[in-house]
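Everything numeric in this text was worked out from a predicted model, so none of it was measured. Residues take their numbers from the sequence shown, with the count starting at 1. Reckoned from all heavy atoms, side chains included, excluding hydrogens, waters and symmetry mates.
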Amino acid sequence: MRSEPIHKISRKGLTVWRLYGVLQTILLLIIAALVCYGTYYFEWPSFIYFIAVVVVILSAILSAYLFPKVRWERWRYEVRDSEIEVQHGLFVVKRTLIPMVRVQHVDTTQGPILKKYGLGNISISTAATVHTIPALVMEEADGLRARISELARVAEDDV
C-alpha cells in the first residue's frame with residue numbers, strides 16, 4: 001500500500017476555512033436571534049432560548065475551530081507522472097487516484113476571500129466528476145495547473 005500523498009495545502013487555508021466558519025456562525029446567530037424574538041413575541045416555551053444558544057455555541061466551536069483544523073490536517077495531494085492522488089475527509093478519510101489519461105481540463109478559481117489571502121483552488125475535470133484541491137498559494141496553483149495540463153497531454157499522446 002502506498003503512503004499518503006506528501007503535499008499539504010497552505011496554512012492560510014486553515015485561516016480561510018475558519019473565516020468561513022465564523023461567517024456561518026454569524027448567519028446562524030442571526031437566525032437564532034429571530035427564533036428567540038419569535039419565542040418572546042409568541043410566548044413559545046422558554047427552552048427554545050436554551051436550544052438557540054447551544055446551537056450557536058456548538059456551531060462556533062465546530063465550524064470555526066475544530067472542523068477546519070481536522071480538515072486542514074487531513075488534506076493532502078500529490079501529482080505524479082501518471083496520476084494525481086487526493087486525500088481528504090473530516091470523519092472518513094477518502095483517497096482518490098485520478099489517472100492523467102482521464103483528465104479533460106484543469107482550472108484555477110479564486111473568490112474574494114481566497115484572493116485576500118493569495119490563495120486559489122484547482123479543479124481537475126474528468127468525464128465522471130470534478131476533483132478540487134483547495135487553498136493553494138496562487139503561484140503554486142498556477143504552476144500545478146500548468147504541470148497537470150502538460151502531464152495530461154503527454155498521457156493522452158501515449159494512449
Side-chain angles (χ1 to χ4, degrees), residues 1-34 54-159:
M1 185 167 155
R2 291 182 184 207
S3 62
E4 67 181 24
I6 57 175
H7 300 289
K8 293 181 88 167
I9 62 171
S10 173
R11 179 101 181 149
K12 290 184 203 174
L14 178 59
T15 304
V16 168
W17 287 340
R18 285 191 170 148
L19 181 58
Y20 289 154
V22 167
L23 293 174
Q24 177 183 333
T25 302
I26 289 171
L27 180 63
L28 195 60
L29 181 63
I30 292 168
I31 293 169
L34 291 172
V54 168
V55 166
V56 170
I57 291 171
L58 278 176
S59 173
I61 293 168
L62 296 177
S63 69
Y65 177 73
L66 186 63
F67 290 167
K69 185 176 191 298
V70 171
R71 189 175 170 201
W72 180 80
E73 287 173 352
R74 297 210 174 136
W75 247 107
R76 301 262 192 289
Y77 68 94
E78 187 171 353
V79 177
R80 301 182 189 104
D81 290 343
S82 61
E83 64 197 8
I84 303 162
E85 185 172 5
V86 178
Q87 172 185 299
H88 60 92
L90 191 59
F91 300 111
V92 176
V93 177
K94 181 178 178 183
R95 290 176 70 176
T96 306
L97 286 174
I98 309 160
M100 282 299 177
V101 295
R102 300 284 184 228
V103 174
Q104 292 182 339
H105 66 275
V106 185
D107 298 319
T108 52
T109 57
Q110 187 181 44
I113 295 175
L114 289 174
K115 188 171 187 159
K116 180 183 180 333
Y117 288 92
L119 300 174
N121 297 333
I122 291 184
S123 299
I124 304 160
S125 299
T126 64
T129 189
V130 176
H131 304 275
T132 302
I133 302 174
L136 296 173
V137 175
M138 202 56 202
E139 296 79 29
E140 182 183 353
D142 287 337
L144 199 56
R145 182 191 69 218
R147 180 165 180 243
I148 292 170
S149 178
E150 184 179 314
L151 290 171
R153 247 183 273 125
V154 168
E156 189 176 282
D157 293 343
D158 289 345
V159 172

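In terms of heavy atoms, Val106 sits closest to Ser149 at CG2-N, 4.4 Å. Of all heavy-atom pairs between Ala141 and Leu136, the closest is CB-CB, 4.1 Å. When all heavy atoms of Val103 and Ile84 are compared, the pair lying nearest together is CG2-CD1, 4.2 Å. Nearest heavy atoms, Ser123 versus Thr132: OG-OG1, 3.9 Å. Of all heavy-atom pairs spanning Ile98 and Val86, the tightest one is CD1-CG2, 4.2 Å.
Taking 4.5 Å as the limit, every side-chain heavy atom of Ile31 sits out of range of all side-chain heavy atoms of Val55. A heavy-atom distance below 4.5 Å is not found between the side chains of Arg74 and His88. Residues Trp72 and Ile9 have side chains in contact (heavy-atom distance under 4.5 Å, counting atoms from C-beta outward). The shortest side-chain heavy-atom distance between Arg80 and Glu78 falls under the 4.5 Å cut-off.
Within the model, atoms CD1 of Ile26 and CD1 of Ile30 stand 7.5 Å from one another, a figure rounded to the nearest 0.5 Å. One finds the CG atom of Leu34 at 10.0 Å from the CG atom of Leu29 (value rounded to the nearest 0.5 Å). With rounding to the nearest 0.5 Å, the separation of CD1 in Ile122 from NE2 in His131 is 13.5 Å. Considering CD of Glu85 and CG of Leu97, their distance stands at 5.0 Å, rounded to 0.5 Å.
Here side-chain hydrogen bond (donor to acceptor under 3.5 Å, both in side chains) pairs that include residues 14-30, with residues two or more places apart or in two chains, are Thr25-Ser59, Thr25-Ser63.
For Arg76, the side chain to side chain donor-acceptor pair (under 3.5 Å) criterion is met by Glu4, not counting sequence neighbours. With sequence neighbours excluded, no residue forms a salt bridge (Lys or Arg N to Asp or Glu O under 4.0 Å) with Glu139. With sequence neighbours left out, Glu150 forms a salt bridge (Lys or Arg N to Asp or Glu O under 4.0 Å) with no residue at all. Under the rule for a side chain to side chain donor-acceptor pair (under 3.5 Å), the partners of Ser125 that lie at least two apart in sequence or sit in another chain are His105.
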Under 3.5 Å, sequence neighbours excluded: what are the donor-acceptor pairs made by side chains of residues 107-117?
from, atom 1, to, atom 2, distance (Å)
Thr108, OG1, Arg145, NH1, 2.8
Gln110, NE2, Leu119, O, 3.0

**Prompt:** side chain to side chain contact (heavy atoms under 4.5 Å, CB included) between Asp81 and Met100: does it pass, once the steps are laid out?
**Reply:** CA-CA 8 Å; Asp81 290 343; Met100 282 299 177; over 6 Å; no

